[in-house]
Amino acid sequence: MGMTKQKLKFYDIKAKQAFETDQYEVVEKQTARGPMLFAVAKSPYTGIKVYRLIGKKK
């Protein structure tokens, strides 16, 4: 792939803080509305995994 990922905003519910990072991976999850793509990042505040919906799988 080689291209730099764009920074995405994530929200750490535990820390009640938003953060921006390009250190995330994209995972696909099955939902009631079909396969969706999520970005998963590790929160710099609590170290928990934070998910962010990117959109429907094309």
Side-chain angles (χ1 to χ4, degrees):
M1 257 193 152
M3 55 181 236
T4 10
K5 288 193 230 168
Q6 66 190 74
K7 280 196 163 182
L8 287 181
K9 271 204 161 91
F10 292 86
Y11 186 76
D12 184 337
I13 293 171
K14 240 183 180 175
K16 297 187 176 67
Q17 295 251 25
F19 63 96
E20 244 185 312
T21 184
D22 53 7
Q23 302 295 305
Y24 58 86
E25 48 184 295
V26 175
V27 295
E28 184 185 325
K29 280 188 178 288
Q30 287 298 330
T31 69
R33 298 189 314 172
M36 295 285 192
L37 292 174
F38 291 86
V40 188
K42 198 172 185 173
S43 167
Y45 304 114
T46 58
I48 61 174
K49 274 186 173 176
V50 186
Y51 284 77
R52 175 187 199 276
L53 178 63
I54 299 176
K56 231 179 154 58
K57 183 159 194 258
K58 302 271 184 286

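Keep in mind that this is a model prediction, so the values were computed, not measured.
Between the NZ atom of Lys9 and the CZ atom of Arg52 there is a distance of 9.0 Å, given to the nearest 0.5 Å. We find the NZ-CZ distance between Lys29 and Phe38 to be 7.5 Å, quoted to the nearest 0.5 Å.
The minimum heavy-atom distance linking Ala41 with Thr21 is given by the pair CB-CG2, 3.9 Å. Of all heavy-atom pairs between Lys56 and Met36, the closest is CA-SD, 3.6 Å. In terms of heavy-atom proximity, Glu28 sits nearest to Pro35 at OE2-CB, 3.5 Å. Counting all heavy atoms, side chain and backbone alike, Ala15 lies closest to Tyr45 at CB-CB, 3.6 Å.
No more than 12 heavy atoms of other residues, nucleotides or ligands lie within 6.0 Å of CD in Gln6, so this atom counts as exposed by the packing criterion. At most 12 non-hydrogen atoms from other residues, nucleotides or ligands lie less than 6.0 angstrom from NZ of Lys57.
The shortest distance between side-chain heavy atoms of Phe10 and Asp12 does not fall below 4.5 Å. For the pair Val40 and Tyr24, the minimum side-chain heavy-atom distance is 4.5 Å or more.
Hydrophobic clustering, with ILVMFWY side chains joined whenever heavy atoms are under 4.5 angstrom apart, keeps Val26 apart from Leu53. Grouping the Ile, Leu, Val, Met, Phe, Trp and Tyr side chains by contacts below 4.5 angstrom, directly or via other members, places Tyr51 apart from Phe19. Clustering ILVMFWY residues whenever any of their side-chain heavy atoms sit less than 4.5 angstrom apart, transitively, puts Ile48 in the very cluster that holds Leu8.
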